[in-house]
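Below is one structure; the comments refer to it alone.
No experiment lies behind these values; they were computed from the predicted model shown. Computation of the quantities below employed the complete heavy-atom set of this structure, encompassing side-chain atoms and omitting hydrogens, waters and symmetry-equivalent molecules. Letters go in sequence order (proteins before strands), and every chain restarts at 1.
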Protein chains: 2
Amino acid sequence: MKTLGYAILGLLAQESLSGYDLTQLMKGRVGNFWSARHSQIYPELARLEDGGYVTHRVVEQRERPDKKVYEITAEGLSALREWVTQPPPPNVPRDELVLKAYSVWLADPEKAARLFREEALRHKEQLAHYEEMRTWMERERGEDVRRADSPWFAGYAALRRGIIYERGYEEWCNWVADQLEKYMHP
Amino acid sequence: MKTLGYAILGLLAQESLSGYDLTQLMKGRVGNFWSARHSQIYPELARLEDGGYVTHRVVEQRERPDKKVYEITAEGLSALREWVTQPPPPNVPRDELVLKAYSVWLADPEKAARLFREEALRHKEQLAHYEEMRTWMERERGEDVRRADSPWFAGYAALRRGIIYERGYEEWCNWVADQLEKYMHP
DNA sequence: GCGCTATATGTAAATACTGACATATACTAC
DNA sequence: GTAGTATATGTCAGTATTTACATATAGCGC
């Protein structure tokens, strides 16, 4: 099974969801470090069902189209449990902005400085958003978010990764912009 | 043109290289935030030459197979210069380990703690390696590494991103492992 | 001589992912 | 009424990337 399958199982392990629900979640939460469009999710759900990792039931709704709510099976749970402790393949993060920084010495320094300040701002905003979520989680869910055996730990751990990531990213963008501005008017 | 094309142009803007050289570099340096195999690089070089962004000359070698050394053209340089200051599309980092952390509450805490400590160690080692490179760069190349209009800035900026990234990653892995161990023997 | 590694360049098949096409219900704002 | 948005589920074509296949030179150790 591929990574996307485990991403979906990870969400279904917490609550039963429809393909549409999963699509929404894959833009936030887990989606901060894994994303997928509905065109990937629906076929993957079919494959997971084929493999016996999930089942679905059709839920009829008034005033809305019917939906298929997917539930993780015992096999799905044990496969997920196994996967979690297997070492992941070495990860090479792909980041176009670092690539741009690599060639920034060729560019117009003012334009480039503007770009990196804007990016710094974007990451600062994302960081603020994450910090808000963290405060909310800690207040609403209490000490459970830090309990590694609680389902609340899932989102909290991912969130902490996001906070560290965004903090570092903002810092780096501003450093690049600083260097650019330092040599802008010599 | 796609991102890989600009990654290659970014390297060729500093020095002329063969496809094989580029393949080696795409495992390190720029490769820390962008990677590609030779099976992607050779066809892309052909496309770049088709578009007039690079040219090549065959260099005959004794005791080794002949090679094609690629050089960036004026068009290539100006395309690269333009691209650098264009805002990149929003980047969703994909990280399987964060996904695993998301489902870690289901796993055996001892196995999981071991995994996250190992990962922390890997990132600590990578960090040490980057720090070494940074010291070397600062000593060998002097103040130029901080000059945003110097070609030495390229690798130095990417390196600084790597250092911040690895520091943050190690910190997070250890935090996850701490939580796991805290509730291991209750 | 034989296997291993490094250098050197390519192609082809398979997989993963994105973007566009396709359809249907029903509420809301104009 | 009608245009837009949210809910809901799918497929398909194209792009990006990985893995495997394919070939050739030449040094090194056994």
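- In this structure, CZ in R167(B) is found 14.5 Å from NE2 in H123(B), a value given to the nearest 0.5 Å.
- The interatomic distance linking N91(A) (CG) with dA16(C) (P) rounds to 16 Å, in whole Å.
- Contacts between chain B and DNA chain D, taken as any atom within less than 4.0 angstrom of a protein heavy atom, begin and end at dA16(D) to dG27(D).
- Counting heavy atoms from C-beta on, the side chains of R146(B) and F153(B) never come closer than 4.5 Å.
- Under the 3.5 Å distance criterion, with hydrogens and angles disregarded, no donor-acceptor pair is assigned to the side chains of Y169(A) and N174(A).
- For DNA chain C, the neighbouring residues in residues 2-25 of chain B, judged by any heavy atom under 4.0 Å, are S18(B), G19(B), Y20(B).
- Across the protein-nucleic acid pair, Q61(B) atom CD and dA6(C) atom C1' stand 12 Å apart, rounded to whole Å.
- In this structure, SG on C173(B) lies 12.5 Å from NZ on K124(B), to the nearest 0.5 angstrom.
- For P65(A), taking side-chain heavy atoms from C-beta onward, the closest of the listed nucleotides dA26(C), dT9(C), dA24(C) is dA24(C).
- The nearest heavy atom of DNA chain C to S39(A) and to P43(B) marks one nucleotide each, and the one closer to the 5' end goes with P43(B).
- With hydrogens and angles left out, the side-chain atoms of E71(B) and H56(B) include no donor and acceptor closer than 3.5 Å.
- Summarising the geometry, the separation between CZ on R64(A) and P on dT28(C) is reported as 11 Å, rounded to the nearest angstrom.
- The minimum heavy-atom distance linking L4(B) with A36(B) is given by the pair CD1-CB, 3.7 Å.
- Between Q40(A) and D66(A), the residue anchored nearer the 5' end of DNA chain D, judged by the nucleotide with its closest heavy atom, is D66(A).
- R94(A) comes within 4.0 angstrom of sugar-phosphate atoms only, judged by non-hydrogen atoms across all strands, and of no base.
- Rounding to whole angstrom units, NE2 of residue H38(B) and P of dA12(C) are separated by 13 Å.
- Per the geometry, CD belonging to E44(A) stands 9 Å off P belonging to dC17(C), to the nearest Å.
- In this structure, a donor-acceptor pair under 3.5 Å is absent between the side chains of Y6(A) and E96(B).
- Atom pair L45(B):CG and dT11(C):P shows a separation of 12 Å (rounding to whole Å applied).
- Here the C1' atom of nucleotide dG10(C) and the OH atom of Y70(B) are 10 Å apart, to the nearest Å.
- Look at R37(A) and you'll find a side-chain N or O under 4.0 angstrom from OP1 or OP2 of dG19(C).
- Note that CD of Q40(A) is 5.5 Å distant from NZ of K2(A), once rounded to the nearest 0.5 Å.
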